[in-house]
Participant: 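I have a structure I would like to understand better, so I am pasting it below and will then ask my questions one at a time.
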Amino acid sequence: MQLVIASGKGGVGKSTVTASLLYLLRDEYRFVAVDADADAPNLDLLLGVERWEEEKELIGAKVARINTESCIRCGICQERCPYDCIKVIDGDYVVSELTCEGCNVCGLVCPVPGTITLEEVRSGVVRKTTTRYGFPLISAQLDVGRPNSGKLVTEEKEWAKKLMGELGLEHMIVDSAAGIGCQVIASIGGADLTILVAEPTPASLSDVQRAYKVVQHFRQPAYLIINKADLNPGFTALREWAETEGIPILGEIPYDRAIPRSMSMLKPFVEAFPDSKAADAMREIAERVREEILR
């Protein structure tokens with residue numbers, strides 16, 4: 001089974017919930033974890049990863065290069081660049097790699113054929129390690145200013161599928177990025193179901209509804225975990241929405257200071273503070289995941 005944990009909104013505790021769920025399921029199931037937030041991966045921090053065993057580069061982005069020897073310094077490329085990424089440095093026209101989108105407008109308007117070319121550069125890196133809990137983790141890091149974050153997530157999942165075959169693993173558990181962009185689409189596409197994490201606030205409700213539309217697009221079942229459930233006692237719209245849509249609520253986790261403390265310790269909160277209120281709630285959620293999803 002390929003299971004995705006998504007939220008729509010950042011900051012609702014999706015990755016902390018994922019880390020604790022992985023910890024609680026580690027002895028009973030053989031799985032590979034995937035951190036599918038290539039922009040800002042942090043699942044490795046929550047699991048205390050100290051080193052990566054293997055890395056692969058993804059080459060796919062393109063940036064413009066100006067041949068200073070054949071350039072006649074007419075300035076047309078700089079005038080026409082829609083991203084304002086061509087500057088004059090020491091009399092030469094130079095493309096900024098961080099802001100160039102590889103659109104090739106500069107190459108099309110250049111009066112000297114072959115002076116401006118598009119060259120492939122690295123988009124980011126995909127990496128693998130074995131966590132101290134025994135299960136493998138696949139993560140990715142998008143290079144600054146590069147596109148193709150969705151392709152990085154696709155590469156992560158392909159590597160995870162390969163590991164499943166090689167190691168005889170049963171499941172892939174994917175910690176999706178926030179939002180509904182290409183990374184989230186790449187995460188949810190091809191999965192069996194999605195667990196949505198939200199908090200009882202209007203902003204979180206709005207964003208989780210948008211994430212749910214992506215899940216619906218792929219015709220997947222969805223479940224909901226309400227984190228920081230007692231943060232806003234008078235807000236009932238999140239639970240009402242889930243009931244209206246027929247989305248089962250796996251559980252509710254109360255706000256607990258043990259969670260940020262566990263993050264500073266680089267441990268899942270169920271390991272760092274097993275007697276906390278949040279840990280009790282998380283164990284009940286893990287049991288429902290066992291009974292209703294993985295079995």
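Note that the structure is predicted; figures quoted are calculated from it, not measured. In what follows, residues are counted from 1 in the order of the sequence shown.
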Participant: Measure across R73 and T68 and return the closest heavy-atom pair with its distance rounded to 0.1 Å.
Facilitator: NH2-O, 3.4 Å
Participant: Might you point out which heavy atoms bring A272 and M265 nearest each other, and give the distance in Å?
Facilitator: CB-CE, 4.0 Å
Participant: Once you round to the nearest 0.5 Å, how far does OG1 of T115 lie from CZ of R65?
Facilitator: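 Taking OG1 in T115 and CZ in R65, the distance rounds to 15.5 Å.
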Participant: What I want to find out is whether R290 reaches E28 closely enough, with some N-O distance under 4.0 Å, to be called a salt bridge.
Facilitator: yes
Participant: When clusters are formed by joining ILVMFWY residues with side-chain heavy atoms under 4.5 Å apart, either directly or through shared neighbours, do L24 and Y29 land in the same one?
Facilitator: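 Result: yes, single cluster for both.
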Participant: Taking the side chain as every heavy atom from C-beta outward, state whether H171 and L3 have any atom pair closer than 4.5 Å.
Facilitator: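 They are not in contact (no side-chain heavy atoms under 4.5 Å apart), so the answer is no.
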Participant: Mind running side-chain hydrogen bond (donor to acceptor under 3.5 Å, both in side chains) on S15 and D175 for me, showing each step along the way?
Facilitator: CA-CA 7 Å; S15 293; D175 181 24; 2.7 Å; yes
Participant: State, yes or no, whether a side-chain contact exists between P200 and I226 at a heavy-atom distance under 4.5 Å.
Facilitator: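 They are in contact (side-chain heavy atoms under 4.5 Å apart), so the answer is yes.
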Participant: Any side-chain heavy-atom pair from D35 and Q141 closer than 4.5 angstrom?
Facilitator: no
Participant: Check the angle between the aromatic planes of Y23 and Y133 and answer parallel, tilted or perpendicular using the 30° and 60° thresholds.
Facilitator: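 Because their plane-to-plane angle is over 60°, the rings of Y23 and Y133 count as perpendicular.
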Participant: Which pair of heavy atoms, one from V94 and one from I66, lies closest together, and at what distance?
Facilitator: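 Closest approach of V94 to I66, heavy atoms only: N-CD1, 4.4 Å.
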Participant: Considering only NZ, NE, NH1 and NH2 on the basic side and carboxylate oxygens on the acidic side, decide whether K14 and E199 come within less than 4.0 Å.
Facilitator: no
Participant: Just how far is it from atom SG of C77 to atom CD1 of I116, taken to the nearest 0.5 Å?
Facilitator: 4.5 Å
